[in-house]
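Please read the structure below before turning to the comments.
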2 protein chains.
Amino acid sequence: MKNLIREIRMEMGLTQDEISESLEVSRQTIISLEKGRYNPSLILAFKIAKLFNRSIEEIFDPEEME
Amino acid sequence: MKNLIREIRMEMGLTQDEISESLEVSRQTIISLEKGRYNPSLILAFKIAKLFNRSIEEIFDPEEME
DNA sequence: GTTGAATGTCAAGTAAACTTTACGTACAAT
DNA sequence: ATTGTACGTAAAGTTTACTTGACATTCAAC
């Protein structure tokens with residue numbers, strides 16, 4: 001699923017490793033997420049939104065969903 | 001994860017079976033969701049938000065997440 | 001030129017979301 | 001009394017999120 005994780009992360013000057021620790025997931029998960037390779041769980045999305053101080057809707061783009 | 005799915009569904013006069021079809025998931029998934037038995041995927045959360053015409057944050061409560 | 005930090009890939013494994021089927025209960029309508 | 005609708009449980013299976021570990025690449029710093 002498309003998202004702005006990479007952009008926001010770099011804006012904040014953080015590395016993949018750093019946010020993987022903050023979010024308590026593996027760095028692989030961050031890489032895959034940034035590449036849009038999968039659909040995170042809602043809890044992970046909430047954690048990311050909190051870390052980035054943005055709403056889920058601002059970060060993730062469900063694209064064509066129907 | 002806690003949520004208002006049941007409340008909103010009943011407010012809209014829909015059955016579990018009806019929304020499971022709209023959301024393209026099984027009725028079991030709706031039952032488990034309403035019971036807070038798990039964490040949906042972000043896509044499912046987006047679909048629910050769209051069906052209910054509310055934001056994800058209005059429907060789901062991440063509770064204590066840290 | 002080599003060291004270290006940051007990013008990436010690949011592959012195998014585990015955990016959990018989600019499905020399917022089968023069955024139980026409650027209740028309203030006939 | 002039985003039929004249909006709505007809700008629930010349980011158990012086994014499939015799919016996919018997420019982990020772990022090993023290794024490759026780029027680039028800036030020394």
Might you work through the side chain to side chain donor-acceptor pair (under 3.5 Å) test for A:T29 and A:S26, ending with a clear yes or no?
CA-CA 5 Å; A:T29 295; A:S26 68; 3.1 Å; yes
For a quick test of your reading: what N or O donor-acceptor pairs under 3.5 Å do the side chains of residues 7-16 of chain B make, sequence neighbours left out?
from  : atom 1 : to    : atom 2 : distance (Å)
B:R9  : NE     : B:E34 : OE2    : 2.5
B:R9  : NH1    : B:L14 : O      : 2.9
B:R9  : NH2    : B:E34 : OE1    : 3.3
B:R9  : NH2    : B:E34 : OE2    : 3.2
B:T15 : OG1    : B:D17 : N      : 3.4
B:T15 : OG1    : B:E18 : N      : 3.0
B:Q16 : NE2    : B:E34 : OE1    : 3.2

Spell out protein contact along nucleotides 3-22 of chain D as letters: B when the base is contacted, S when just the sugar-phosphate is, - when no protein heavy atom is under 4.0 Å; keep the 5' to 3' order.
---SBBBB------SSBBB-
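- The CZ atom of B:F60 sits 13 Å away from the C1' atom of C:dA17 (whole-angstrom rounding).
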Step by step, would you call A:F46 with B:I56 a side-chain contact (heavy atoms from CB on, under 4.5 Å)?
CA-CA 10 Å; A:F46 265 118; B:I56 288 177; 4.2 Å; yes
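- With respect to A:K47 and A:E24, a salt bridge is recorded, a charged nitrogen being found less than 4.0 Å from a carboxylate O.
- A:L33 is listed as a side-chain neighbour of A:P40, based on a closest heavy-atom distance under 4.5 Å.
- In this entry the distance linking CD of A:E21 with P of C:dA5 reads 14 Å, nearest Å.
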